Amino acid sequence: MNDTVFLGRVLSFQRRCDGAGDEAAFTYVEDGAVLVRAGRIVAMGEAAELRAQAPEAKVVDHRPHLIMPGFIDTHLHFPQVQVLASWGRDLLDWLNSYTFPEETRFADADHAARMAKGFYDGLTNHGTTTAVAYCSVHPESAEAFFAEGHARGMCMVGGKVMMDSHAPEALRDTPQRGYDESRALIEKWHGTGRMHYAVTPRFALTSSPEQLELAGALVGENPTCYMQTHVDENVDEIARARALYPEAKDYLGIYEDCGLLSERALLGHCIHLEPREIEVMASTGAKPVFCPTSNLFLGSGLFDEASLRARGILSGIATDIGGGTSYSMLQTLNEGYKVLQLQRQQMHPYTAFDWITRGNAEVLGLEAEIGTLEAGSAADMVVLNAGATPEMRLRQERVETLAEELFLLMIMGDDRSVTQTYVGGVAQKGV
Ligand code: GUN
Ligand code: ZN
């Protein structure tokens, strides 16, 4: 029957963990296993039981490492793989100096296809098995993004950026072209294999009111698609958005007025929020996405996770490559931890690892498919080694609990701690 049993210490969250004492929020099996058949998880539990259940199964032994659901990155930019680590004074300077010129190169399908290989290798090398990506304005970039992800069997979300103003000519579509090209991509890719489409107006600064209206029409016509954009990242950006859309109540109001907000709306950054904007997110179910390495790199500001949660709003967490500085969701937690520390908010390692797995899946409404090791889920998994470097091994000598091990992983870990990444039960690293 082509079953495989993966042996290791198995960890999977069932709900958001409220800190040290909340061990009922997850399943942890010390002598554990995950039984996989045809790319899906049949069961997770005690190794002895699963081996008895499937005596013919092939055995892959990852002991003593941790087996977890693959990481989920809810905001990053595919055409910025060669922008990462580019100097910029702030968001708008960085966009104009590096990012926009670089994205023009994605009109070339061959360039986009080559970059897609590097992009996906970067994700899986770092343990990420699902990501939500902005492509460039060119349909060629979205084609490359979807074709490569589909060929690898990954669950991916993405969309062609819609942008028709305040950008170089080579990066501008028109309201109608942006609509038509997005619609054609939705027809081709949304629901093909494990692909999902996100209607992607880049942000209010680069879309005319006509374009945002048509983006809203696309959202209304395609209710199972996601919508992604940026909001309230940087104070100069906010001032420009307000000047361009003086009728709107606030920055988020621009998107609200065009019908872009729903539970499937992913709003990158959300740093400098007005009280009304928080209420709009609470009432529409739109999800803020925290991008710590990017927010620090571009000096954008501090994301206030606790206030949003107190209002019942679920946030995603993401790398935001290439404003973000690492593909690693472990390093994203490291920097996120510090951003919250500066506001006297605490991120317990249980909460953190729930966030980059089940939590981000919940933000996408995909928790039955990804983000846990529950029976029926895709066998998208990561194998983690908290002793991947000599320095980590030295620190590990003093680790006594699972929480301490997870904390070591999220502070000192990166791709070197990712022993293997599985997509649908298929190994991705070093193959
Ligand atoms: N706002 C609009 N475009 C971008 C982008 O590419 N990166 C970031 N960080 N913010 C944006
Ligand atoms: Zn972004």
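Bear in mind the structure is a predicted one, so any value in this text is a computation, not a measurement. When a residue number appears, it is its place in the shown sequence, counting from 1. Whatever order the structure lists ligands and atoms in, that order sets their numbers, starting from 1.
Sorting the N, O or S atoms of Asp320 by how far they are from the Zn ion (ligand 2) puts OD1 first. When distances from the Zn ion (ligand 2) to the N, O or S atoms of His77 are compared, NE2 comes out shortest.
In Thr206, neither the side chain nor the backbone holds a heavy atom less than 4.0 Å from any atom of ligand 1. Residue-level proximity to ligand 1 for Phe297 is absent, since no heavy atom of it falls below 4.0 angstrom. Neither the backbone nor the side chain of Leu205 has any atom closer than 4.0 Å to an atom of ligand 1 (non-hydrogen atoms only). Residue Glu237 does not touch ligand 1, judged by heavy-atom distances below 4.0 Å.
Distances from atom 1 (N) of ligand 1 to the heavy atoms of Glu103, His230, His75 show the closest one on His230.
The nearest heavy-atom contact from the protein to atom 3 (N) of ligand 1 is Arg202 NE, 2.9 Å. When only non-hydrogen protein atoms are considered, atom 10 (N) of ligand 1 lies nearest to Glu233 OE1, 2.7 Å.
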- For His62 and Tyr422, what are the C-alpha separation, side-chain angles and deciding distance, and is it a ring pair (Phe, Tyr, Trp, His ring centres under 6.0 Å)? CA-CA 12 Å; His62 283 300; Tyr422 292 96; 5.7 Å; yes
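Between Phe106 and Phe78, the ring planes lie perpendicular to each other; the angle is over 60°, past the 30° to 60° tilted range.
A donor and an acceptor atom, one from each side chain of Tyr251 and Glu237, are located under 3.5 Å apart. Of the N and O atoms on the side chains of Thr319 and His75, not one donor lies less than 3.5 Å from an acceptor on the other residue.
Here His269 fails the criterion, with no N, O or S atom under 2.8 Å of the Zn ion (ligand 2). The distance from the Zn ion (ligand 2) to the nearest N/O/S atom of His230 is under 2.8 Å.
Against a heavy-atom cut-off of under 4.0 Å, Phe203 is close to the following atoms of ligand 1: 1 (N), 2 (C). Of all atoms in ligand 1, listed by their number and element, those nearer than 4.0 Å to a heavy atom of His77 are 5 (C), 6 (O), 7 (N).
The shortest N or O to N or O distance between Thr99 and ligand 1 is not below 3.5 Å. The shortest N or O to N or O distance between Trp94 and ligand 1 is not below 3.5 Å.
Looking only at side-chain heavy atoms (C-beta outward), Leu402 and Glu23 stay at 4.5 Å or farther from each other. When side chains are defined from C-beta on, Asp236 counts as touching Asp90, because their heavy atoms get closer than 4.5 Å. Between Phe353 and Phe26, the closest side-chain pair of non-hydrogen atoms is not below 4.5 Å.
At a threshold of 4.0 Å, the pair Glu277-Lys249 does not count as salt-bridged, since none of the basic side-chain nitrogens sits closer than that to a carboxylate oxygen. With respect to Arg358 and Glu362, a salt bridge is recorded, a charged nitrogen being found less than 4.0 Å from a carboxylate O.
Aromatic pair His77/His230: ring centres closer than 6.0 Å.
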